[in-house]
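Notes follow the structure.
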Amino acid sequence: MTISTRPSTSGDAMSSFEPNHFREVLGQYPTGVVVVTAISSTGDPLGMTVGSFTSVSLDPPLIAFLPSKTSSSWHSLREAGDRYCVNFLGADQEDVCRNVATRKEDKFRDIGWDLTEFGNPLLDGAVAHIDCIVDVIHDAGDHDIVVARVEAMEVHNSGYPLLFFRGGYGSFRPLSLASQDSALVNQLKFIDVARVHMDELAYRFDTEVAAMALVGDELVLAATSGRIRGSVTPTSVGQRLPFMPPLGSVFAAWGPTALQDIWISNAGSSISPGERDEYAKVPDRVRERGFALALGHKEVARLEHTWTRLNDNDPSITRKAFLAEVKEVSDKYNPAEFPESESYELRSLAGPVFAPDGSVAFALTAWGPMRPVSRAELDEYVDAVLQACARASAEIERAHNTPMWASHEAPGTRQDRALSTPRAE
């Protein structure tokens with residue numbers, strides 16, 4: 001390791017700037033958030049939150065981070081040696097960022113981690129990591145510039161990174177991904193063709209019917225029909241949800257294997273192998289039945305209320321809290337069995353409406369009544385939703401004058417056997 005020093009002129013340079021003004025101006029530039037980790041001589045994990053990380057060179061591969069000279073965490077890391085792991089935090093890891101930044105001791109309490117091949121702590125849920133060894137440390141006013149050689153690196157999931165901007169934490173969607181919203185234009189054309197069938201279904205059951213589209217890795221509520229249900233959180237066009245279990249199972253069920261894999265991987269690294277195995281069964285179950293459903297008004301309504309607040313940018317609702325709530329109610333979606341003798345709190349029931357190419361154009365969702373329904377009433381809802389989906393799919397095909405899809409059985413043709421016998425998984 002080389003330490004480079006030179007006389008500092010920072011005091012003279014800063015004399016004409018107020019510190020708060022300096023922070024305000026530099027705060028207009030967003031920065032990524034990483035946690036630099038190492039293992040102490042006693043075998044304990046060490047960590048430091050850094051908002052000034054950058055790539056330096058491709059050949060040789062060099063990266064850099066800029067810790068404060070007065071940081072006790074940086075002091076501990078330097079004592080531990082010159083090999084570190086840079087963990088790129090995910091958008092849902094604000095609590096990890098704050099815990100590592102603010103705790104003086106036991107920074108990794110309640111934070112899962114494992115060791116990299118170079119023996120540094122790799123945090124659970126990190127988007128990516130880089131193992132590195134310090135090459136040179138430059139003096140830079142009240143900070144050090146630590147330049148390190150990359151020894152190993154890996155991307156762990158497709159999540160978005162955590163960013164710090166104007167004094168707060170958040171994330172972003174690249175413009176290249178946001179442009180996928182243009183794909184919604186075609187889906188809206190399909191919905192316009194099928195709207196009459198949404199209206200008929202909404203009128204028949206005196207409820208709200210929604211069209212949900214898959215755009216990139218998000219579910220977008222593209223259109224609604226009917227009335228807002230009493231004592232139920234109102235939905236609004238434009239709301240977005242993550243495409244992850246148990247949400248969006250209609251698209252996973254009739255999509256290619258790669259899409260099903262993305263659906264499950266979007267649940268993140270916090271799910272157990274057992275939960276992953278259960279999620280993997282859902283697409284086949286939904287496709288066999290011909291529909292997806294959610295049971296349980298209180299639990300699912302709470303989730304609907306949370307996602308409405310999240311879409312409204314309610315500062316009291318974090319993405320991590322929302323994802324935790326999704327996980328809590330996952331057993332309310334697409335249960336393995338439908339015992340004949342029971343009544344059901346039918347929250348919602350969704351079926352696929354197909355585009356001319358055989359892909360799912362959108363999921364048509366109807367909300368159930370606020371009272372329990374019998375098995376016979378549930379069958380009636382299933383039949384009505386699947387028939388509406390079949391008619392809407394046929395209407396779209398006629399409007400586009402293309403051959404009927406060959407790879408999918410039309411929804412509505414399997415509802416009798418889908419519910420006739422409870423099925424143990």
Side-chain angles (χ1 to χ4, degrees), residues 157-158 212-214 217-219 241-296 300 303 326-340 342 344 346-355 357-366 375 378-379 381-390 392-393 404-425:
N157 61 68
S158 60
M212 188 72 76
L214 177 61
D217 63 351
E218 288 186 318
L219 301 166
L241 294 166
F243 178 57
M244 59 172 285
L247 309 173
S249 59
V250 165
F251 297 96
W254 279 275
T257 301
L259 186 63
Q260 296 174 12
D261 292 341
I262 290 172
W263 183 65
I264 295 174
S265 68
N266 284 346
S269 60
S270 62
I271 63 173
S272 68
E275 289 170 329
R276 184 175 294 275
D277 290 343
E278 284 302 311
Y279 290 150
K281 298 175 183 177
V282 172
D284 287 342
R285 183 183 301 160
V286 170
R287 189 170 59 253
E288 173 64 21
R289 290 171 176 164
F291 63 89
L293 85 168
L295 302 175
V300 182
L303 178 63
V326 169
K327 188 174 180 180
E328 286 181 8
V329 302
S330 61
D331 63 334
K332 298 298 180 182
Y333 288 77
N334 305 306
E337 298 182 359
F338 293 94
E340 288 279 1
E342 292 187 5
Y344 307 89
L346 176 61
R347 185 63 182 179
S348 63
L349 195 146
V353 174
F354 292 110
D357 65 0
S359 64
V360 177
F362 62 91
L364 188 152
T365 302
R375 176 57 180 272
L378 178 59
D379 288 348
Y381 265 88
V382 169
D383 180 75
V385 168
L386 295 187
Q387 289 298 335
C389 289
S393 299
M404 191 68 172
W405 56 87
S407 59
H408 297 285
E409 182 178 351
T413 62
R414 62 179 97 206
Q415 69 271 14
D416 292 336
R417 58 186 170 89
L419 283 176
S420 59
T421 306
R423 195 175 292 105
E425 298 293 333

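Every value quoted in this text rests on a predicted model; they were computed, and no experiment measured them. Residue indices begin at 1 and follow the sequence shown.
Taking CZ of R289 as the start and CG of L386 as the end, the distance is 12.0 Å to the nearest 0.5 Å. To the nearest 0.5 angstrom, R276 atom CZ is 7.5 Å from S265 atom OG. Distance check, rounded to the nearest 0.5 Å: CZ of F291 to OG of S249 gives 10.5 Å. Between Q260 atom CD and T257 atom OG1 the span is 5.0 Å, to the nearest 0.5 Å. Rounding to the nearest 0.5 Å places CG of D277 at 9.0 Å from CD1 of I264.
Looking at F354 and V360, their side chains come closer than 4.5 Å, going by heavy atoms from C-beta outward. The side-chain heavy atoms of L295 and P335, taken from C-beta on, include a pair separated by under 4.5 Å. Looking only at side-chain heavy atoms (C-beta outward), M212 and V250 stay at 4.5 Å or farther from each other.
Summarising the geometry of L364 relative to C389, their closest heavy-atom pair is CB-SG, 3.9 Å, with the distance given to 0.1 Å. Closest of all the heavy-atom pairs between S330 and P246 is CA-CG, 3.8 Å. Scanning all heavy atoms of the two residues, the minimum distance from L247 to Y333 falls at CD2-OH, 3.8 Å. Contact detail for G290 and P352: the closest heavy-atom pair is O-CD, 3.7 Å.
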- Step by step, work out the side-chain contact (heavy atoms from CB on, under 4.5 Å) result for L349 and T365. CA-CA 6 Å; L349 195 146; T365 302; over 6 Å; no
- Query: After noting the C-alpha distance and the side-chain angles of L293 and N334, does the key distance pass the side-chain contact (heavy atoms from CB on, under 4.5 Å) rule?
  - Reply: CA-CA 5 Å; L293 85 168; N334 305 306; 4.2 Å; yes
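Ion pair E278/K281 flagged as a salt bridge, since at least one NZ, NE, NH1 or NH2 atom sits closer than 4.0 Å to an Asp/Glu carboxylate oxygen.
Using a 30° and 60° split on the angle between ring planes, W263 and F243 fall in the tilted class, from 30° to 60°.
Formation of a donor-acceptor pair under 3.5 Å by the S359 side chain with backbone atoms of A355 is not found in this model. Here the side chain of R347 pairs no donor or acceptor atom with the backbone of G296 at under 3.5 angstrom.
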